[in-house]
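Each remark here refers to the structure printed beneath this line.
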Amino acid sequence: MEEKIKELGLYIDELRQQRNLGFNQLAKKSGVNVKTLNEIMYGKARRINPTYLIQLAKALRVHYKEFYWIIGYLLPEDDIVENKKEKNFNFINSKIGNN
């Protein structure tokens, strides 16, 4: 897990630089406090609250699933949106008899 957290931290830092955001600017824009952001970005966090990843993703204008995949909260093949669409499609087909 430590390796994944370091990988995530490097990716967040890369995105931060691409967006021309300072460290404190990212903390303020995301709502993640400076201490926690420091622990995430430098791979010192033991666990990362999924909510913080969502907040950081919004601030960095990426989909939160990118962070979830890196950290291992989702597998690369997991796609919540697609799975939901597929379930709805199967449900509709079962109702109209197109199995």
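All values reported here derive from a predicted model rather than from experimental measurement. When reading the values below, keep in mind they use all heavy atoms of this one structure, side chains included, and skip hydrogens, waters and symmetry mates. Index from 1, following the sequence.
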| said: My understanding is that only residues two or more places apart in sequence, or in another chain, count here; which of them pass side-chain contact (heavy atoms from CB on, under 4.5 Å) with Gln18? | reply: Glu14, Leu15
| query | Taking only residues two or more places apart in sequence, or in another chain, which ones meet Glu66 in a side-chain contact (heavy atoms from CB on, under 4.5 Å)? | reply | Tyr11, Val62
| field | For Glu3, all residues meeting salt bridge (charged side-chain N to carboxylate O under 4.0 Å, His left out), sequence neighbours excluded | value |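 Partners of Glu3 under the salt bridge (charged side-chain N to carboxylate O under 4.0 Å, His left out) test: none.
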Please report the interatomic distance [atom1]([X]) to [atom2]([Y]), rounded to the nearest 0.5 Å.
X: Ile70; Y: Leu8; atom1: CD1; atom2: CG; answer: 5.5 Å
X: Ile71; Y: Ile5; atom1: CD1; atom2: CD1; answer: 4.5 Å
X: Leu60; Y: Arg19; atom1: CG; atom2: CZ; answer: 6.5 Å

| remark: Residue pairs passing the salt bridge (charged side-chain N to carboxylate O under 4.0 Å, His left out) test with at least one member in residues 45-55, sequence neighbours excluded, are none
| field | Minimum side-chain heavy-atom gap Phe67-Ile48 below 4.5 Å | value |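 In short, these two side chains do not touch, never coming nearer than 4.5 Å.
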| request: Would you name the heavy atoms of Ala57 and His63 that are closest together and state the gap between them? | output: CB-C, 4.0 Å
| Ile54 versus Tyr68, closest heavy-atom pair with distance |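 Between these two residues, the closest heavy atoms are CD1-OH, 3.5 Å.
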| query | Leu21, Leu10: one ILVMFWY side-chain cluster at the under-4.5 Å cut-off? | reply | no
| field | Pairs satisfying side-chain hydrogen bond (donor to acceptor under 3.5 Å, both in side chains), at least one member in residues 50-60, at least two apart | value | Asn49-Thr51
Mind listing the side-chain donor-acceptor pairs of residues 23-32 below 3.5 Å, one per line with the distance, residues two or more places apart or on another chain?
| unit_1 | atom_1 | unit_2 | atom_2 | d |
| --- | --- | --- | --- | --- |
| Gln25 | OE1 | Gly22 | N | 2.5 |
| Ser30 | OG | Leu26 | O | 2.8 |
| Ser30 | OG | Ala27 | O | 3.3 |
| Ser30 | OG | Val32 | N | 3.2 |

| request: Any chance you could lay out the side-chain contact (heavy atoms from CB on, under 4.5 Å) test for Leu53 and Tyr73, step after step, and finish with the verdict? | output: CA-CA 11 Å; Leu53 297 180; Tyr73 293 158; 3.7 Å; yes
| Would the number of heavy atoms belonging to other residues, nucleotides or ligands and lying under 6.0 Å from CD of Glu2 be above 12? |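 Count not over threshold, so no.
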Which side-chain N or O atoms in residues 34-41 pair as donor and acceptor under 3.5 Å with protein atoms at least two apart or in another chain?
| unit_1 | atom_1 | unit_2 | atom_2 | d |
| --- | --- | --- | --- | --- |
| Lys35 | NZ | Glu39 | OE2 | 2.9 |
| Thr36 | OG1 | Asn33 | OD1 | 3.0 |
| Thr36 | OG1 | Asn33 | ND2 | 3.3 |

